[in-house]
Amino acid sequence: MRFEFFISRRYLFARRGQAFISVISWISVIGVALGVAALIIVMGVMNGFTTDLRDKIIGVTAHGIIFDSFGHPQEDPAVIKEIESVPGVAAATPFIYSEMMLSAAGGVKGIVLRGVDPVTGPKVLGALNKITQGSVEALASAEGLPGVIIGDEMAKRYGIFLGDRVSLLAPSGQQTSAGYTPRIKSFKVVGVFSIGLYEYDSSLVFTSLAAARDILGWPDGVITGVEIAVKDVYKAEDIAQDVTEKLGPQYYSRTWMTMNANLFAALKLEKIAMAIILTLLILVGSFSIVTALVMLVMEKTRDIAILMSIGASKKAIRMIFMLQGTIIGLTGTVIGFILGLGSCFVLERYQFIKLPRGVYSLDYLPVLLHWQELVLTGVGAVLICFLATLYPARQAAGLEPVEALRHE
């Protein structure tokens, strides 16, 4: 064992006459540990919220959407196959989008109508895989009234049950001899879905492509565009660009990143702000390290002078106090990781902190840890503590043995 480390360990937690220095050392360890633990917990919760929100949003809007610059294109299986042949594209499906009114026994509600393909739609839209009652296959049934799938929040608010009849009022009315009248069609509720986002669960309605065209008065085969699912959601922008380049200049694309850019930018900014605030807590712990080391240098002036008199170099003296501060930082960081990771595990496993479902997108605190952020947190905490040792270590190495021992 090198003597620098041996002496650092002996000085680390002073005894008897230097009990106050020992208390400050423990306060430094606790300060660093709390800062690291808080940073890990907050980053994990922020990652969990962002990921959960992202998954729910792209479950409704798809990873990318391809539009025709000249208006509503025709549904063409050859175009769908050409899109699916682009590297990175997992699936593609045509869709129709329109805003209209829904009338039920419980009242009238403005909704967003989505015409989907019951076969290829579930491969692209996650919402069609979260049906709690009924099935998406029922949309393809040609018996009786056309079917619709509504959100569970809408079903609860307006007292709509599976098999009930509702009416949709299209904004594109028709001119008759009696004047302008809205286009009204009756539908049968064949399914109820639950995404977890109130805005969508209370206002989104799915129906088949044919039924959507019928109520909108569109010709056969007309669609709004094509939605795609990609294998890597973070490469959606590049993949959508590849698709439009392959289809031709008349097509353009939008992705979940561009459509929700403001939301995710705000979440990222909030995450950075929280990280900065909690890093300041680690800095407070590092200031305690400076205080402890400065007081220790003052207390151990005679010992330092003796060590230098028997041959210890300035570099060795400097190393003694740098090691001591680094040990405090490492100890605090390890304890902080234990507290932080343990708290995240408990939050994820038991979910004992409940959130109001109508306010947030879920009713518990989600936790998602990224190893890159954990490494950055650990390295950053140790580095801050190491930097805090430089001034006291330099002051200790700058002592002159003769001056230090003159009054002894």
Side-chain angles (χ1 to χ4, degrees), residues 31-64 126-127 153 195-204 230 232-238 254-287 332-333 336-384:
V32 174
L34 290 178
V36 171
L39 187 56
I40 290 174
I41 294 171
V42 170
M43 298 293 279
V45 172
M46 289 296 296
N47 288 335
F49 265 117
T50 302
T51 302
D52 179 80
L53 187 61
R54 181 206 69 190
D55 292 342
K56 289 177 178 178
I57 287 177
I58 63 180
V60 178
T61 60
H63 301 158
E153 293 292 342
I195 300 173
L197 287 175
Y198 180 82
E199 292 78 5
Y200 295 117
D201 289 339
S202 63
S203 60
L204 184 60
V230 299
D232 186 347
V233 293
Y234 293 106
K235 295 182 179 179
E237 198 72 38
D238 295 333
R254 298 186 69 188
T255 66
W256 69 274
M257 296 179 181
T258 57
M259 289 186 290
N260 302 281
N262 293 337
L263 173 62
F264 287 101
L267 290 174
K268 185 177 180 180
L269 180 61
E270 183 178 354
K271 180 179 176 181
I272 293 174
M274 291 298 296
I276 292 174
I277 293 172
L278 294 173
T279 302
L280 295 177
L281 185 58
I282 300 177
L283 284 173
V284 172
S286 71
F287 290 149
T333 301
F337 264 77
I338 294 173
L339 292 175
L341 295 177
S343 300
C344 289
F345 174 78
V346 172
L347 285 173
E348 182 70 17
R349 182 176 180 85
Y350 298 105
Q351 300 176 0
F352 56 89
I353 298 181
K354 299 298 181 181
L355 304 175
R357 185 66 180 268
V359 178
Y360 299 96
S361 62
L362 66 173
D363 57 359
Y364 64 93
L365 280 180
V367 178
L368 178 63
L369 296 173
H370 295 153
W371 68 267
Q372 300 94 330
E373 294 178 349
L374 293 177
V375 171
L376 184 61
T377 299
V379 172
V382 174
L383 180 61
I384 289 173

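Remember, predicted model here, so these are calculated numbers, not experimental data.
- The backbone N or O of Val233 lies less than 3.5 Å from a partner atom in the side chain of Trp256, making a donor-acceptor pair.
- Between the side chain of Asp201 and the main chain of Glu153, no donor-acceptor pair closer than 3.5 Å is present.
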- Task: Under the side chain to side chain contact (heavy atoms under 4.5 Å, CB included) rule, what do Leu283 and Leu280 come out as? Steps first, then yes or no, please.
- Result: CA-CA 5 Å; Leu283 284 173; Leu280 295 177; 3.7 Å; yes

- Message: Assess the residue pair Leu369 and Asn47 against the criterion (side chain to side chain contact (heavy atoms under 4.5 Å, CB included)); give the C-alpha distance rounded to whole Å, side-chain angles, the decisive distance to 0.1 Å, and a yes or no.
- Response: CA-CA 7 Å; Leu369 296 173; Asn47 288 335; 5.8 Å; no

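- Heavy atoms only, all atoms of each residue included: Gly336 and Val36 are closest at C-CG1, 3.9 Å.
- We find the CE-CG distance between Met43 and Leu368 to be 11.0 Å, quoted to the nearest 0.5 Å.
- The two residues Leu374 and Phe337 come nearest to each other via the heavy atoms O-CZ, 3.2 Å.
- Considering all non-hydrogen atoms of both residues, Val60 and Ala127 come closest at CG2-CB, 4.4 Å.
- Taking each heavy atom of Thr333 and Ala381 in turn, the nearest pair found is OG1-CB, 3.6 Å.
- One distance of note links CG of Leu376 with CH2 of Trp371; it measures 11.0 Å at 0.5 Å rounding.
- Between Ile272 and Lys268, the closest side-chain pair of non-hydrogen atoms falls below 4.5 Å.
- To the nearest 0.5 Å, atoms SG (Cys344) and CG (Leu339) are separated by 11.0 Å.
- For the pair Glu373/Lys271, a side-chain contact is recorded, criterion being any heavy-atom separation below 4.5 Å from C-beta on.
- Without hydrogens or angle criteria, Asp52 side chain to Gly48 main chain gives no donor-acceptor distance under 3.5 Å.
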- Message: Is there a side chain to side chain contact (heavy atoms under 4.5 Å, CB included) between Phe49 and Leu365? Walk through the geometry before answering.
- Response: CA-CA 8 Å; Phe49 265 117; Leu365 280 180; 3.8 Å; yes

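- Annotation for Arg54: atom CZ counts as buried by contact number, over 12 foreign heavy atoms lying within 6.0 Å.
- Distance check: Met274 CE to Ile41 CD1 gives 11.0 Å after rounding to the nearest 0.5 Å.
- Taking each heavy atom of Met257 and Lys235 in turn, the nearest pair found is CE-N, 4.3 Å.
- How far CD1 of Ile277 is from CG of Leu39: 11.5 Å, rounded to the nearest 0.5 Å.
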- Query: So Val230 and Thr255, side chain to side chain contact (heavy atoms under 4.5 Å, CB included) or not? Walk me through it.
  - Reply: CA-CA 11 Å; Val230 299; Thr255 66; over 6 Å; no

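- The side-chain heavy atoms of Thr258 and Glu237, taken from C-beta on, include a pair separated by under 4.5 Å.
- Looking at every heavy atom in both residues, Ile40 comes nearest to Gly340 through CG2-C, 4.0 Å.
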